[in-house]
Structures are given as structure tokens and as C-alpha cells.
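Let me begin by presenting the structure, written as C-alpha cells, before commenting on it.
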Amino acid sequence: MPTDYDKLSPGERQVTLSECRQHIREVPVSRAIRSVIVHHTWRPAASDYRGLSTVRAVRRYHMKTRGWSDNGYHIMVGPSGDIFLCRPLSRPGAHCRGQNQHSIGLSYIANFDSEDPTDYPGTAIGQQVVAALLQRFWLTPEDVHFHREYANKTCPGKNLHLDEYRYQVELLMSEHTDDIKVVLLPGSQVIACRPRLEDGTTRVDLRPLAAALDCEVYDHLADQGKVYLRRRARTMEDLQNLAT
Ligand SMILES: [Zn+2]
């Protein structure tokens, strides 16, 4: 009986960065995670990348040739920034001998021995994913490691530098804290509207923000892609309260 390898990977799928962040925040993981280990595939190189089929080819190689139960990596990132969830985070990976039990393995689809990481948007997207992993598991940039620290290899490539990589991840982590406050001036009223930074944009819940600005959400016409706010009508009672 031939084995249908494509049915054997329950977690494999492509996600957006915000879906990936949500997955990382919410997925149950009971093993202790102490590090994130970064790799490159070396072969396929970035120039060989063909989307999900490339990820599947890596997984089939890991399963058929190496005899592993799934893709060795937990997450793969394509050169254009495509993100693929591979082996479930709840299970130890097969990506770094002696370090799999308490780590997560992320691999760039690239050959950073010869290809330049700064040529590919995927490099920074991978750092965003690493930052989200560190935040989920209460780790610091010092807990990011390169495969070559543990093996006689160049992985994740001679053109990636660990100190610089950690520094970039640290910048992303500080940008991505949930510790933002929206303050209404004059004064110092903090509006409880769940501000958070996503992909460089500050997002808030509209209703509490509108209420603090003395507006209400009047109508939400999803088909027109419009939300209408209107200033709240002042009642006699409001005016009396203002006067006192
Ligand atoms: Zn590696």
C-alpha cells in the first residue's frame, strides 16, 4: 500500500501574519518551551520556492527519506513572507539534535549561505513570527538560537548574524506590546478601547472610543464598507450636568 503522505500532516496550512499570531497566542502547548531555533532549508533555496508545494516537498522528504512523523519544522517562511504552519507546536520537532524537546523550529525557505536575507521580505516576517513566539512563551531575544550553535553547519546561513537577528526581534517585540494607552486630551482620561499594534497599525475597539468622544456608532453598513458615527444628542439632563 502506498502511503498518502499528504494526509499525515494535520497542522499543515498557510496563514497570514495575524492568523499566525493568533494561532501562537491561542494554541494549547503543554510541553515547556525554552527556545526558538532558526534554520534555513539550504535546498530548496529561495529561488526554488513555489509556495505550498515547496513546503510539502520538504515534509515528504522528512517523512519518506528521514522517516520522521511529520515536517521536522514547526513553521516555515517563504522568501515573499508566506507563512506555513507545519508540525503542531504542541509536539517536539525534528530540527535540531538534542534540542527538540523544549524548542520550536522555524525555517526560512532559502539558502542564506549564498542568498542575501535582506533581499527577501520573508526575513523580517520570520522575525515577527519569532517575536510572537517569544511573547507567548515568556522568552527573551537571548532565547533565539541558530542551528549552527548546536551543529557543525552554517544553518541558517552565513549571511544571517545572530546578534543582528536578535536585535531586530527585540525591536519588533517592543513595538508589539499590548501596553499602549489611548489618552483623551485635555486631561488624562485613559480610554478602555483595547489598543494594540498589528502590522504597524494601532487598532482599537470603535465603540468605547466613540463613546469617549461623545459619539455613538449609528450604523454599520457592512455592504458599503462604512461605519457611521454620530454625535450624541444632548438631553436637558446632560446640559444640566455640564452646567454643574
Ligand atoms: Zn538547521
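Throughout, residue positions are numbered sequentially from 1 according to the sequence presented. Just follow the structure's listing: the first ligand is 1, and inside any ligand the first atom is 1.
In this structure, the salt bridge (charged side-chain N to carboxylate O under 4.0 Å, His left out) partners of Asp205, at least two apart in sequence or on a different chain, are Arg194, Arg196.
Here Tyr165 and Phe146 bring their ring centres to under 6.0 angstrom of each other.
Within the structure, salt bridge (Lys or Arg N to Asp or Glu O under 4.0 Å) pairs that include any residue of residues 136-151 comprise Glu142-Arg166 (at least two apart or interchain). Applying the side chain to side chain donor-acceptor pair (under 3.5 Å) test to pairs two or more places apart or on separate chains, those with a residue in residues 206-217 are Asp214-Arg234, Glu216-Arg230.
Judged by distance alone, the side chains of Gln128 and Arg21 do bring a donor and an acceptor atom under 3.5 Å apart.
Here the rule is side-chain hydrogen bond (donor to acceptor under 3.5 Å, both in side chains) with Tyr49, and of Thr54, Asp82, Thr41 only Asp82 fits it.
Take the Zn ion (ligand 1) and draw a sphere of radius 2.8 Å; the protein N/O/S atoms inside it number 3.
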